[in-house]
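A, B, ... follow the sequence lines: proteins, then strands. Residue 1 opens every chain.
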There are 2 protein chains.
Amino acid sequence: MARAATTEDAFNAVAEPRRREILDALAAGERTVGELVDRLDLAQPHVSRHLRVLREVGAVHVRDEGRQRIYSLNAEALKPIYAWVAGYEHLWAERFDLLEDVLDEMKQQDS
Amino acid sequence: MARAATTEDAFNAVAEPRRREILDALAAGERTVGELVDRLDLAQPHVSRHLRVLREVGAVHVRDEGRQRIYSLNAEALKPIYAWVAGYEHLWAERFDLLEDVLDEMKQQDS
DNA sequence: CAATCATATATCCATATTGATATGTTTTGA
DNA sequence: TCAAAACATATCAATATGGATATATGATTG
């Protein structure tokens, strides 16, 4: 079996840096494909392809306006990523919770 | 150019579901390769390979103990993912901040 | 020292990819 | 109506993949 398709889920779609750049750009507001091409310094077909991947995982929406297509962010598609990684956050975050510190000290005294 | 290597960064490493499973298992405590094989129902060479990818992006550490290798989680390697996706969290989260609601209302009255 | 256990590595296969380039397709404007 | 603008799609090349399988490595045991 080969690697999972980038359209498999948000995790795979977002593994590509250019696609994260696109999402970052859209976080500031809707953009036209041409605007994204300018901003990313990437050929238009590549931008269109990345947008397609993002569309397939539901991370962006499109709206037709004349001969332009206006892309907008759908951040909810990133929820599963946040949900997963947030479960790890407490493992590196500094603890400001005093109770937790006290409990740690008690454990040390026990051992 | 082909797709980026899974060892390129944490984003790529974590795109693979089995590797997330491994990290999830390690979040509960150190595990031996054999324990991970049992837990994941995956052939040992595959587990070893996934562990290697996770090692190369710094998401796990290894410790030798006789003929076993004990893997442990290094959650800090996931920080960049958290940092990136957390920037989107406010876009879908319900707002409980009263001030923000008031400001939104004022904006609406202006327009 | 030989045999075994616990892992790691090597090779093969099928596949999905990214960038480059060429070519549609639809809308707009003269 | 014809040409240009704005996108989308198709194809090609090079490559990295993940699973399967076989094999190598290193530690332990008898």
Side-chain polar contacts of residues 34-47 of chain A - donor-acceptor pairs under 3.5 angstrom, sequence neighbours left out - could you list them?
from, atom 1, to, atom 2, distance (Å)
A:E35, OE1, A:T32, N, 2.9
A:Q44, NE2, A:S48, OG, 3.1

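Whole-Å rounding puts the A:E65 CD to C:dT27 P distance at 13 Å. For B:D41 and D:dA20, the CG to C1' distance is 15 Å, given to the nearest whole Å. B:D9 places its CG atom 15 Å from the P atom of D:dA16, with the value rounded to the nearest Å. Between A:R3 atom CZ and D:dA14 atom C1' there is a gap of 14 Å when expressed in whole angstrom units. Distance NE2 (B:H50) to P (D:dA20): 10 Å, rounded to an integer number of Å.
A:A59 and A:A77 get closest at one heavy-atom pair: CA-CB, 3.7 Å.
No cation-pi contact links B:R63 to B:Y71, judged by a cut-off of 6.0 Å to the six-membered ring centre and 45° from its axis.
Looking at B:W84 and A:D24, their side chains do bring a donor and an acceptor atom within 3.5 Å of each other.
A side chain to side chain donor-acceptor pair (under 3.5 Å) with B:D9 is found for one member of B:T7, B:T6, B:N12 and no other, namely B:N12.
Within residues 11-23 of chain B, no residue has a heavy atom under 4.0 Å from DNA chain C.
Contact of the B:V62 side chain with the B:L51 side chain is not registered, since no non-hydrogen atoms from C-beta on lie closer than 4.5 Å.
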Please report the C-alpha distance between B:L26 and B:L54 in whole Å, then the side-chain angles of each, then the deciding distance to 0.1 Å, and finally whether the side chain to side chain contact (heavy atoms under 4.5 Å, CB included) criterion is met. CA-CA 12 Å; B:L26 293 180; B:L54 293 172; 5.8 Å; no
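Heavy-atom distances to DNA chain C give each of A:A4 and A:A43 a nearest nucleotide, and the one nearer the 5′ end belongs to A:A4.
Between B:R19 and B:E21 there is no salt bridge, since no side-chain N of the basic residue sits under 4.0 Å from a carboxylate O of the acidic one.
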Would you give a per-nucleotide map of nucleotides 3-11 of chain C, 5' to 3', where B means the base has a protein non-hydrogen atom under 4.0 Å away, S means only the sugar-phosphate does, and - means neither? -BBSBBB--
